[in-house]
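Here, residue 1 is the first one in the sequence, and each next residue gets the next number. We count ligands from 1, going down the list as the structure has it; atoms in each ligand are counted the same way.
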Amino acid sequence: MSQRIQYYSTNRNLAGIPGLIPWKKSVSFREALLHGQAPDEGLFMPDPIPVITIESIMALKGKPYTRAAMLVATAFLADEIHNEVLEKIIAESYNYQVPIEKMIDRKYIMRLDQGPTASFKDFAARMMARLMSYFRDPGKRLNVLVATSGDTGSAVGDAFKGVAGIDVYILYPKGEVSGRQKKQLDTIGENVQAVSVLGKFDDCQNLVKQAFSDPSFAAFNLTSANSINFGRILPQIIYYVYAYAQLAASGEEIVFSVPSGNFGDALGCEYARRMGIPVKRLVMPTNENDEFPRFLETGVYEKISPSRACLSSAMNVGHPSNLARFFDLYGGTVDRGGAVHRYPDINDMRRWIFSTSITDEETRKTIRRAYDQYGILLEPHGAVGWRGLEAYLERYGDFPLCVSIETAHPAKFPDEIKDLLGINPELPDSMKDIDQKKGASFELPSSYEEFKNYLQTRLKVR
Ligand SMILES: *Cc1c(COP(=O)(O)O)cnc(C)c1O
């Protein structure tokens, strides 16, 4: 039997911060999943990180995605969940394609945009939803509250749709989502209710936070499905293992380029390397929110606040929430506000990670060049990834096997693509009928009393 994996907090070594008691214990995956974050507001970290052998990885060559998912998931969860249950969860989570397209020579694009909401967030949200359904207290309903400014809400909402024992409430700011985003959120249906709030994203987040700390909801099982949950990181390890097995010769080194915002996606690659994938370098390009590339260059970390509005809007992050995990893995500690308490080993980080900031201008040029030169259609996030990979190759004059990640479907950015290339990208099958779908949201003012009344009439205990 392997050593049991436990989950500790990234804040366990903090000292001397008023009102904060570092949490020095550890919990199982189940508790990390259901609680989301540690009692000291740190992020959960697995220890030890399980290792998979190169033989087991190479045995995935030519096999379906679900096989790679089983290899990674059992490495983490074999002690806590039966194989047959995991097989079922994985089969339901990954019932769509994961295309890998050749750009040139040994350089590939992996498209993580074929899920139901056409964003890579589907990969994590679908598996996490089913794990939550399995691990929840038997006989007790789980009520998930999510505040969203767009894409995360639709991926999470869709992932929980029809999942037994769970109800979901998605709060979004009425005036801040696009028409198509609103349509996506309002038409999920079944056990997922969209709540349109007359306010800003921060107002939605405050309503959710107040509900979590309100004793009148103590009898209900309220939880959040936010992006720092380790249950969303684990599934993001899988596609790196899958891509490696499909493309590499045994033991060959690979470079992955991952367009980065909150660093959850890139963290999946960091774990894949530590589990045994021969990752030569993890390239983490950002948009003009360049706090991380500047940190790698100067050794000093300064968050950007407020964050800069760029074309790759899902990456407009000035202090990535998963930076705390990267710091921890390299021996440092940074808190939620962005204050560094202990610096990580920067030379070790530079050895494994390359980061660079890509301007909107370069992003647009890259979309045009990828299409003209290689006939490959990228959207703004994927273009940041590809340009970042090119910058790495130019810097190091290197010719390894490379995979750059495309995180959203180009049809989600019709205006930009039309402007740049003069074409109208076709919606993926999963979204084809979106404009015709009917659905409705519940509209609320941004008042906690009203939200509380609303919840009280709807929440169910079992
Ligand atoms: C969320 C998102 C990203 C950024 O991923 P992180 O894990 O936050 O770094 C990139 N592209 C798209 C399309 C996204 O939705």
Would you list the atom pairs, donor with acceptor, under 3.5 Å between side chains in residues 192-210 and any protein atom, with sequence neighbours excluded?
{"unit_1": "Lys200", "atom_1": "NZ", "unit_2": "Glu176", "atom_2": "OE2", "d": "3.4"}
{"unit_1": "Asp203", "atom_1": "OD2", "unit_2": "Lys200", "atom_2": "N", "d": "2.7"}
{"unit_1": "Asn206", "atom_1": "ND2", "unit_2": "Asp202", "atom_2": "O", "d": "3.3"}

Item to check | Aromatic plane relationship, Tyr301 with Phe327 - under 30° parallel, 30 to 60° tilted, over 60° perpendicular | outcome: perpendicular
Checklist entry - Would you call the rings of Phe413 and His381 parallel, tilted or perpendicular if under 30° counts as parallel and over 60° as perpendicular? => result tilted
Item to check | Sub-6.0 Å ring centroid separation between Phe442 and Phe451 | outcome: no
Item to check | Axial cation check for Tyr7 ring with Arg12, 6.0 Å and 45° limits | outcome: no
Check: every ligand 1 N/O to protein N/O pair under 3.5 Å:
{"unit_1": "ligand 1", "atom_1": "7 (O)", "unit_2": "Gly264", "atom_2": "N", "d": "3.1"}
{"unit_1": "ligand 1", "atom_1": "7 (O)", "unit_2": "Asp265", "atom_2": "N", "d": "2.9"}
{"unit_1": "ligand 1", "atom_1": "8 (O)", "unit_2": "Asn262", "atom_2": "N", "d": "2.7"}
{"unit_1": "ligand 1", "atom_1": "9 (O)", "unit_2": "Gly261", "atom_2": "N", "d": "2.7"}
{"unit_1": "ligand 1", "atom_1": "9 (O)", "unit_2": "Asn262", "atom_2": "N", "d": "3.2"}
{"unit_1": "ligand 1", "atom_1": "9 (O)", "unit_2": "Phe263", "atom_2": "N", "d": "2.9"}
{"unit_1": "ligand 1", "atom_1": "11 (N)", "unit_2": "Thr407", "atom_2": "OG1", "d": "2.8"}
{"unit_1": "ligand 1", "atom_1": "15 (O)", "unit_2": "Lys121", "atom_2": "NZ", "d": "2.5"}

Checklist entry - So Phe292 and Phe326, would you call those rings parallel, tilted or perpendicular, with 30° and 60° as cut-offs? => result tilted
